[in-house]
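Values below: all heavy atoms of this structure, side chains included; hydrogens, waters and symmetry mates excluded. Throughout, numbering of the chain's residues begins at 1 and tracks the sequence.
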Amino acid sequence: MGTCRDDEGWRVVSDLRDFDLAPCFEEGIILSSLLAVTFLFSISRSLSLGLKEPLEKSQKSIWILRAKLVLATGSFICSLVNASYVISTHKPVPVLRSYILEPFALVSILPLLYFNHTRTRTSSTFLLLFWPLYLLAVAVWTRTRVSLGIHSLIVVVALKYASLGLGLISYALECLGSEMGRPSEKVAAENPILTANVYSIWTFKWMTPLMKIGASRFITEEDLPPLRTSDKSVNLGNDLKAALEKHTLWKALFVAYGGPYASAAGLKVVQDLLAFLQPQLLRMLLAYISYYESTRLLPGKRPSNLEGFAIAILMFIASVIQTVCLNQYFQRTFETGMRVRAGLVTAIYNKSLVLSNDERSRASGDIVNLMSVDATRLQDLCTYGLIAISGPLQITLAFVSLYNLLGWAAFVGVAIMIVSIPLNTFIARILKKMQEQQMKNRDKRTRLMSELLSNIKSIKLYAWEYSFIRRILDVRNNEELKMLRKIGVITSWNMALWSGIPLLVAFSSFATAAATSSRPLTSDIIFPAISLFMLLQFPLAMFSQVTSNIIEAIVSIQRLSSFLMAEELQEDARTVSQNPNLRYGDEVLSIKDGDFSWSKSSVGSTLEGINLTVRKGELVGWLGRVGSGKSSLLSAIIGDMTRREGEVQLYGNVAYAPQNPWILSTTVRENILFSHEYEETFYNLVIEGCALSQDLALLPQGDLTEVGEKGITLSGGQRARIALARAVYARADLVLLDDCLAAVDSHVARHVFDHIIGPRGLLASKARILVTNSIAFINQFDSLAFIRRGVVLEHDTYQNLVSNPNSEIFKLVNGHGSSHNNSGSSTPQTSGTLSPISADDVQDLLKPDTHALVLSEKLRHQGSFQKAKMVPVSARVPSKAATKEHQERGRVKPEVYKQYIQAASKSGFALFLLATILQQAASVLATLTLRYWGEHNREHGGNTGMFKYLLIYGLFSLGSSILGAVSAMIMWVYCALRSAKRLHDSMLSALMQAPLSFFELTPTGRILNLFSRDTYVVDQILARVIQGLCRTLAVCLFIVIVIGSSFPPFLIALIPLGWFYLRVMKYYLSTSRELKRIDAVTRSPIIAWFSESLAGLSTIRAFSQQLIFTEINQLRIDQNQVCYLPSISVNRWLAVRLEFVGAMIIFIVAFLAIFALITTGVDAGLVGLVLSYALNTTSSLNWVVRSASEVEQNIVSVERILHQTEVESEAPQEMPDCKPVGEWPSKGEVEFCNYSTRYRSGLDLVLKNINLQIKPGEKIGVCGRTGAGKSSLLLALFRIIEPAHGTILVDSVDISHIGLHDLRSALSIVPQSPDLFEGTLRENIDPVGSYSDADIWVALKQAHLQEYVETLAAKLDAPVRESGSSLSSGQKQLLCFARAMLRKSKILVLDEATSAVDLDTDKAIQEIIRGSVFADVTILTIAHRLNTIIESDRIIVMDSGMVAEFDSPSVLLNNPSSLFYSLVKEAGLMQD
């Protein structure tokens, strides 16, 4: 059965026929082994599938299965008949075994067909590969049969083809898959890869439906296919977590995600081998052409015509397989990178939720960096890391192939390449140093920008725009752009060097070979050698980059490992047991002999010997000086501190309102609900109790208004009350309140205490601890504790403590007046300004508080509300951003390109294009020289006359390199710099002229992004990608010219190929553009959520919401992965199609060459030239689309910058025709004439018909409830808001007729929030630099700051840290006073200016204001604390945007029905 019955025996190639295999080899080896493998695989696979459960299939799918089975059975029957016929008639077949094996193989396919269809969701990969291979084998066998004579075996051949035909029809049905006829909504709700067959996966056809959508309309997140379950971040995180328990991080990553990565390595090796097969095939083809040409007239010796076509077909097949391998390799590495990043981000997030305090010293920025930088670095390593394996393999293969071609001469070229690597590394090092310096310059400018944005209100009020613009432009023009020019020059020469080295390598190798070797350098040596040198260029260039990638990754792994191994919070810091049936008076918290410290390693404890019991329904107050450990106690209860001794027992859950309220950037409602279900009745009670109703009414969408980052759109008091509302809404058993009334007005504090915290408030039935500095309301606490330096000095009821003259509480109350006085005084250092308290007054204080308001009856009856229920994460509706970031859609408008080229200079751009085209022309001429040289050598049979050819080749190559450098220089040093400067400057000036409302509506991050990310793109990336696009377009143009002029018929084939190419490009560009945008938009929420969570760790832990926050984090990662996966697959989809076009071009060119050879004759040099260009097409075509899409993605930055320059500007800074004459204002008279204004058009009026006349030198106090229009009055005077009608006169000058700079620089202000910026004290007091040091010292003396400044080593040059963090709040406020004194203007506005200073300083400031310095200055004081304005000359009481009262304080206080009277009374400044 295994014997060969043919005369030629078991040899591979036939001796008798031209270019054919021996019959026994075909039947006994090729066909038999294919059939045997099929039989074995089908049986084993059927057995394994048979054990699985059958899946539900549609009726249509079942009919297809039946058809497949019928056809396969028919195929088997034909094969069986054929085998029986051959055996029974003893036909002379070469190997009988193959005829017997065939029916066995075909019958084994039947169970495989059935089980694969019913048990899996995709077509059988094995069958999809078997049938095409079998067809190919039978075709080769048929050709041999025909050439040997077919008559004797006509029946055998007919039956074989009948069997094959039926098999192929069943194969066609197999391609349809087993999921036919499924409902479309089911198809949409899953990832298409789950049902894609092997061809679809290889060609990325499963992406085509998405590409079609992208070409017809804009893609949204809803169009993207969902993730596979295995790729969801919760599973990826668990995989890594499990691996980390057993291995180090390196190993764990490999164990968790390394499977597909290892297969990618295998694919890469196959691809590398095929890449080096191409030059060998090219050499075979050129050798064949040369041989054919030389034996054209000797028919006996001439090779077979088929041989040339076979080589052409082989080249095509090799390049198709190479494409499939390469793209599968890329897909796997990118997917692995994505998994690694998702796993790491999940792990980092989970870890940061349990970090101990010792480790919390890591800045949150560093932890965010671990996630955004280090995790991304490892992701990048996955993408290119395998080049570390494939690079050496490619280099070895190239060396071997080059040695075969050129002998030792090749190593001269290789030596030059190797020598060039250190040179390149040296240049790279210089560039890296420059880039690092440039990063510092950019950081410096970004820091200035961020200061400008955070202090924008002060800058506008003080009219400092010019000095800030000067500071920014100084860094931009003198540091950043100068360095950019240097980088441009070096980059240009570096690029020229890189394009020149391959040319130098080829030149030196050919020169050496020609001089030393006797063998003629013909085309079949020159062109394969050039393509090998080109192949070598990539691994050598990439190698240094990958090495640095690996080093960076190692550093990142070390950083990540140290973070993931960091110490965690003490798990047994407290014992929590839930008691659902807590009764009134039951213990909720008990601390016994507790010692707590912030750090494990610290010597002493922060809190010592704490004993505390809090029962349900009890209100406990903690008092103490700043830094005595009040807030630490709350942290200890939450479990944030390390418990050293004692025990903490909690029965129930906790709610917490921290001192610095933590607000999420979502809606106000979401902030209050905090993952709990919305219950309208209780929610409204909470809003009412926290006095938020009025605030919410003022917000554009009520409680559904988006709060900006860190609650930026809210005032301090609003933030505090929202954090309080969150703690109330949770209805926890224990409520911890950390000084939550400090930031609110006195009457609001009273309302909140009565309705929420006090004995009749919403929380009356809960256990609550209130940390406070204020002595208001303390008579309503059940017990009070006074803490100093971490030790509780006393803890008793209010009555007992106030009755004991030695107690701290007694001294406190005695020192600061009646506890009714709630002007928000903090725990004082010294006695205040009010009269001491007598023993009788103490008795009065013991009476119940008559001010307490009684809450609605329905509340009284409800003993305790049900606890709030959690909402599952999946059920949430994500909120939308405050103002949606401007995001263009569709193609970037041509206008943007036009404006960019205009900014970069049109003539410069034209010169750049000319140089690029000339560079390509020189390169083509150099290659043509090689062709003529090769032909010359072939004709002469030696290397004669080589000097002439080498000289011409060398000159053209040198010219090409120099032109390349010139074009790069024009682009980088001229065009890029000009556009960078113009775009940045126009954007900065537009920004500085924008009204303040623009900054309030636009998140700082978004503006900063324009000045950092987008400016960086315009500075450094855009020039590079535009240059790349123009260069690749020129390359493609010359490829078409070279091929078309050599083989004109190629131009006909260009039409369908061009159509296909453009269609693919249209699909790709429209889809990839949107996917990139969506990917970018979904990436930032991950980082935003991360930094937000880090800011609120103690709140998250207090509410025990770690799991919920982790789930939201995972949800955000998944949202990004859903967008990221298609955005990488779309590149593979494109590459497969373009590389197919490239392979087709190679095939067509080779085919045309062979055709021309057989018909008219052709020289090998021409074919070599054309084919070496054709082999280049694949990469060039790919690069054109890539760079076109890169240009489009990056030009978006220009689009955004141009959009920013169109922001509506406020009134002009200066009006030359209307400048005030002389010293203005000279008197300080202010008059409002029928003045009304609104914040923005379309909103209601905030000031209505104001008529006021303020005399020169008058001291005016302005008061009113929240939202009455106090601050609007101030903004109107500075023209931050413009009048709707009416006007304001200052010294009889209409302020709406003069420039903003003239107006604002003539007024002085001490704002509510003192804004300072990085620099020296001198720069902070006088940023414009227009005063002498002597003036500054006088101002400091008047502002009580002289002593402090004199203690500093550098005096006026002492550094001030970012936002003045090196000074206390009081010192910052005094510094603002110094600014005002320096200006010596006749009008001074104080906006709640003494809120942050202690009582002594407040007193001193009041003395300054009423002293001789300001005697003739008109002062407007806006105050929350009424005692600061009670001594003003006249008082304006604002109500609903109108002046309700305007008279002297004594007149208003004598009228009990006046608004001022009621405000003073509410604040407790008057006794009944």
Side-chain angles (χ1 to χ4, degrees), residues 449-465 468-469 665 668 695-702 705-716 718 880-886 987-1011 1200 1203-1213 1235-1248 1250 1266-1286 1288 1295-1296 1299-1301 1303-1304 1307 1309 1311-1313 1315 1389 1391 1422 1441:
M449 272 311 299
S450 103
E451 283 209 322
L452 179 141
L453 291 171
S454 51
N455 302 336
I456 189 72
K457 191 169 181 181
S458 290
I459 290 171
K460 287 206 172 289
L461 290 171
Y462 286 113
W464 285 340
E465 287 97 337
F468 267 83
I469 288 182
S665 57
V668 175
D695 302 276
L696 294 181
L698 294 174
L699 292 173
Q701 287 150 322
T705 308
E706 276 285 335
V707 177
E709 42 190 340
K710 299 180 192 150
I712 201 152
T713 44
L714 303 169
S715 70
Q718 288 169 328
K880 303 282 174 272
T883 52
K884 198 77 172 137
E885 181 161 2
H886 170 74
M987 175 163 70
L988 181 64
S989 77
L991 183 81
M992 289 311 283
Q993 284 163 17
L996 196 62
S997 57
F998 167 79
F999 297 95
E1000 285 164 353
L1001 284 174
T1002 315
T1004 318
R1006 193 180 302 167
I1007 303 176
L1008 269 181
N1009 203 7
L1010 284 166
F1011 279 91
R1200 286 160 50 126
H1203 177 76
Q1204 176 63 41
T1205 57
E1206 291 155 14
V1207 168
E1208 189 184 340
S1209 65
E1210 55 184 356
Q1213 291 289 319
Y1235 185 91
S1236 301
T1237 184
R1238 50 171 59 91
Y1239 275 104
R1240 284 190 302 284
S1241 58
L1243 296 180
D1244 294 337
L1245 291 173
V1246 285
L1247 293 178
K1248 301 163 198 157
I1250 305 279
T1266 309
K1270 304 188 294 283
S1271 297
S1272 309
L1273 212 55
L1274 151 104
L1275 297 175
L1277 186 59
F1278 282 84
R1279 278 180 66 195
I1280 297 289
I1281 45 181
E1282 297 286 357
H1285 55 79
I1288 301 174
I1295 64 168
S1296 56
L1300 291 180
H1301 186 265
L1303 167 69
R1304 292 170 185 169
L1307 307 175
I1309 179 167
Q1312 183 176 1
S1313 50
D1315 285 340
V1389 180
D1391 182 6
I1422 293 173

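Atom CG of Leu996 sits about 8.0 Å away from atom CD of Glu1210, to the nearest 0.5 Å. Here the straight-line distance linking atom CH2 of Trp464 with atom CG of Leu452 works out to 12.0 Å at 0.5 Å rounding. Note that the NE2 atom of His1203 and the CG atom of Leu1010 stand 9.0 Å from one another [nearest 0.5 Å]. One distance of note links NZ of Lys1248 with OG of Ser1272; it measures 10.5 Å at 0.5 Å rounding. With rounding to the nearest 0.5 Å, the separation of NE2 in His1301 from NZ in Lys460 is 11.5 Å.
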Begin with the C-alpha distance, continue with both residues' side-chain angles, and end with the deciding distance and a verdict on side chain to side chain contact (heavy atoms under 4.5 Å, CB included) for Met992 and Ile459.
CA-CA 10 Å; Met992 289 311 283; Ile459 290 171; 4.3 Å; yes

Please test Ile456 against Phe998 for side chain to side chain contact (heavy atoms under 4.5 Å, CB included), starting from the C-alpha separation and ending with a verdict.
CA-CA 11 Å; Ile456 189 72; Phe998 167 79; over 6 Å; no

Let's go through Met987 and Phe1011 carefully: what are the C-alpha distance in whole Å and the side-chain angles of both, what is the deciding distance for side chain to side chain contact (heavy atoms under 4.5 Å, CB included) to 0.1 Å, and is it a yes or a no?
CA-CA 9 Å; Met987 175 163 70; Phe1011 279 91; 3.7 Å; yes

Can Leu991 and Val1207 be said to form a side chain to side chain contact (heavy atoms under 4.5 Å, CB included), step by step?
CA-CA 7 Å; Leu991 183 81; Val1207 168; over 6 Å; no

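Side-chain contact between Leu1274 and Ile1309 is present, with heavy atoms from C-beta onward closer than 4.5 Å. A 4.5 Å side-chain heavy-atom check between Phe1278 and Leu1303 finds every atom pair outside the cut-off. Using a 4.5 Å heavy-atom cutoff, the side chains of Val1389 and Leu1307 are not in contact. Taking 4.5 Å as the limit, some side-chain heavy atom of Lys457 sits within range of a side-chain heavy atom of Leu1275.
Contact between Ala1284 and Leu1245 at its shortest, heavy atoms only, is CB-CD2, 3.9 Å. Taking every heavy atom of both residues into account, Ile1280 and Arg1304 meet most closely at CD1-NH2, 3.7 Å. Residue Tyr1235 comes nearest to Glu1282 through the heavy atom pair OH-C, 4.0 Å, listed as atom of the first residue, atom of the second, then distance.
The number of heavy atoms from other shown groups lying within 6.0 Å of CD (Glu1208) does not exceed 12.
Across Ile1288, Thr1237, Ile1295, a single residue satisfies side-chain contact (heavy atoms from CB on, under 4.5 Å) together with Arg1279, and that is Ile1295.
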